[in-house]
Amino acid sequence: MNTLLMPESSINTQSPLKVGVACVKLVKEFGDGANRNRVLHELDIDFYSNQLTLLVGPSGCGKTTLISIIAGLLFPTSGDVELFGTPQSRLKGGKLVRFRAQNVGFVFQQYNLLPALTATENVCVPLLIQGVPRSQALIKAKEMLDRVGLATRAGAYSRELSGGQQQRVAIARALVHEPRLLVCDEPTAALDGNSGRTVMQLIREVSVQPGRVVIVVTHDSRVYSYGDRMIEMSDGRVTNISNSPSSSMTDSQVISQFKSKETH
Amino acid sequence: MNWVAWKMLNGDPVKYLGTVFGVGFGVLLIAQQCSIFVGIILRTANPIADVREAQIWVMDPYLQNADEIKPLSDSDLYRIRGVEGVDWAVKIYKGLARAKIETGNFRQVILMGVDDQSLIGAPVKMIEGDIRDLKRPDAIVMDQYGYKYLWPNEPFQVGREVEMNDRRAVIVGICDVSAPFQSFPVVFTRYSQAVQFVASERQQLSFVVAAPRQGYQVDEVCRLINEQTRSIGEKSGLIAMPYREFVWINIKYYLENTGIPVNFGITITLGFIVGTAIAGQTFYLFTIENLKQFGALKAMGVTNWGIVGMICLQASVVGVIGLSIGLGLTALFFVATTRLLPDLRGLHLMWEIAGGTCLAVTLIICLASALSLRKVLTLEPAVVFR
Ligand SMILES: Nc1ncnc2c1ncn2[C@@H]1O[C@H](COP(=O)(O)OP(=O)(O)O)[C@@H](O)[C@H]1O
Ligand SMILES: [Mg+2]
């Protein structure tokens, strides 16, 4: 079982690893009859909180399908996902949507910011979805933007921001409501090397915390070093799980680095 | 989330204006085309509708419209006056004559002969002169646009002479009338005078108009006239009807027997289709273009009801503003054109048409919303990762 491959040493050796999200015999098939295509083959994977898990593998191996199911956007054909002790199969309809609103943060390859909203306004959307009053949501969103080093661009629209900046706004949006699960699908695929590294570093530093599971899908080998643990997939199966060397910069170091970048 | 919906709508001013003006233009097309059609069709009955005192119109039963008249005989008038429930009944002449002025310029005119004593049927709104002068010999009253046709760019002048079918007539007044369908000048004179102008015709009694006696209903008196005039002799009899019904008979005649509804009908149908298509399409596209954004919102935990609310809010805003713009432009169009072009006088945006347009455009926007909603609601939130 995968749990046997649990990393013996990681940067969080001080505290014991806690399973936050667990896939149990997860199967996903698309189509039916002759066209049936099994994309995930009885996956058993544990994701630990307080660390960054990289999900890597060639294009088409099922990474996006897997995180879509974990995040509750797609239903598995069979098997289940345990989300912080709650079997996902028990969350139906509105309950699942509400669970997503409260517990899941998303970072997409294409950022998916609302072009009509400023950076701050985009960041406060998850709070608005939860019914937080707008004035309060905007204050929290500003704080979050500050944490990703974009305080000075609070009023900018996405068309006025570079790709890297847009992705940082998206990260702030994904974290503003303090979700217990953060899923990022190829967050650096649309970015150049530098911006990609900046974004990964940021995800690592502002999102990893006790009680939160962070999953980053990528096939960008340049950013492998930002993960604590790497799950390799191929053809809908896990082929290897390993610890990956981790950046050891502190939170404040990262932020000050971004802030100095902002000034020019 | 209403705030986000509102922002999505006007966050892109170009798209927002495009959508709102798309709906507005659709509304303009519908409201304007329908107003012109209805206005022109109503004109066919204007000479009758203008005779406000007459609640009951009596005519030959085979008459199809007010421009194709089979005359009655004088004895018919006395038969009608003898009917129980009739307060008064007077003769009306309606026909065509030729008016020629001193320069030789001439026009076909609509000639209305009104009751000699009571002047029932005479115009209500005088611009120059006094309607009582119609009792003077050879007196006529001409409508202001007719006067302008005959004497372009000349001031109104009472006392001018014209030849009506080669007989001398004196303009004693200039009046305002509702625009007739044919855009001919309208000339009023006494019945006895009208008979002289058109002396070549054997019988001139076009209509008898009557009013019910106190205590009698219009419909009841019409029925009594019909019964009592039919019972006498072998003659074909008469038919009496309330004024509204006569107006409608005229309108129906033109609708059923002329190319107007076909031609115009095609135009307004096209206007309607194009208008609703533009209105519906622009809104549908607006939502579809935002599909990915709605997908992201769904992934982030906006419920389907939340999405319905957002799209309904956007639809209402676009609908209300688009309708306001469209109806405003339509009203403005009529204010501007009816001032500049006398032929379009009397045409205006009718509230029934404004209401109907609102209804149609609301329906089409609801339909467009429903169609786009279907797309958004069935959208797999997982597409945000694609
Ligand atoms: N909605 C779908 N319908 C049918 N097949 C799908 C659908 N989504 C993904 N697939 C298939 O599942 C496989 C895995 O896709 P995906 O999870 O997107 O891979 P990855 O993210 O690793 O590139 C691919 O072969 C893809 O064609
Ligand atoms: Mg993928």
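Bear in mind the structure is a predicted one, so any value in this text is a computation, not a measurement. Lettering follows sequence order; numbering is per chain, from 1.
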Ring-ring centroid check B:Tyr16 B:Phe286, cutoff 6.0 Å: no
Selection from A:Ile67, A:Leu96, A:Val97, A:Thr64 maximising heavy-atom pairs under 4.5 Å formed with chain B: A:Val97
Close contacts, residues 69-95 of chain A versus chain B, judged by heavy atoms under 4.5 Å: A:Leu73, A:Leu74
Among A:Val217, A:Leu117, A:Asn112, A:Thr65, residue most engaged with chain B (heavy-atom pairs, under 4.5 Å): A:Asn112
Distance-only check: which donor-acceptor pairs under 3.5 Å involve side-chain atoms of residues 347-363 of chain B, not counting sequence neighbours?
| from | atom 1 | to | atom 2 | distance (Å) |
| --- | --- | --- | --- | --- |
| B:His348 | ND1 | B:Gly346 | O | 3.0 |
| B:Thr357 | OG1 | B:Ile353 | O | 2.6 |
| B:Thr362 | OG1 | B:Cys358 | O | 2.5 |

Heavy atoms of other groups near A:Asp32 CG, more than 12 under 6.0 Å: no
Smallest separation among heavy atoms of B:Val247 and B:Ala45, with atom names: CG1-CB, 3.6 Å
Working for side chain to side chain contact (heavy atoms under 4.5 Å, CB included), residues B:Met8 and B:Phe294: CA-CA 10 Å; B:Met8 276 171 81; B:Phe294 283 116; 3.8 Å; yes
Flag, side chain of A:Arg147 to backbone of A:Ala172, donor-acceptor distance under 3.5 Å: no
Residues of residues 174-190 of chain A within contact distance of chain B, non-hydrogen under 4.5 Å: A:Val183, A:Asp185
Part of B:Lys292 within contact of chain A (heavy atom distance under 4.5 Å): side chain
Check: B:Ser369 side chain, B:Cys312 main-chain N or O, donor-acceptor pair, under 3.5 Å: no
Residues from residues 121-129 of chain A approaching chain B under 4.5 Å (heavy atoms): A:Glu121, A:Cys124, A:Val125, A:Pro126, A:Leu128, A:Ile129
Closest approach of A:Gly164 to A:Leu191 (non-hydrogen atoms, all atoms of both residues): N-CD2, 3.4 Å
Whether A:Gln167 side chain and A:Phe108 backbone form a donor-acceptor pair below 3.5 Å: yes
Per-residue contact mode, B:Glu380 against chain A (heavy atom under 4.5 angstrom): side chain
A:Lys142 atom NZ, over 12 foreign heavy atoms within 6.0 Å: no
A:Leu113 versus A:Ser158, closest heavy-atom pair with distance: CD1-CB, 4.0 Å
N/O donor-acceptor pair under 3.5 Å between B:Lys298 side chain and B:Leu379 backbone: yes
Verdict with supporting geometry, A:Val199 and A:Ile203, side chain to side chain contact (heavy atoms under 4.5 Å, CB included): CA-CA 6 Å; A:Val199 159; A:Ile203 291 175; 4.0 Å; yes
Nearest heavy atoms of A:Thr120 and A:Ala141, plus distance in Å: O-CB, 3.4 Å
Side chain to side chain contact (heavy atoms under 4.5 Å, CB included) between A:Leu66 and A:Leu55, intermediate numbers included: CA-CA 10 Å; A:Leu66 176 60; A:Leu55 198 55; 3.7 Å; yes
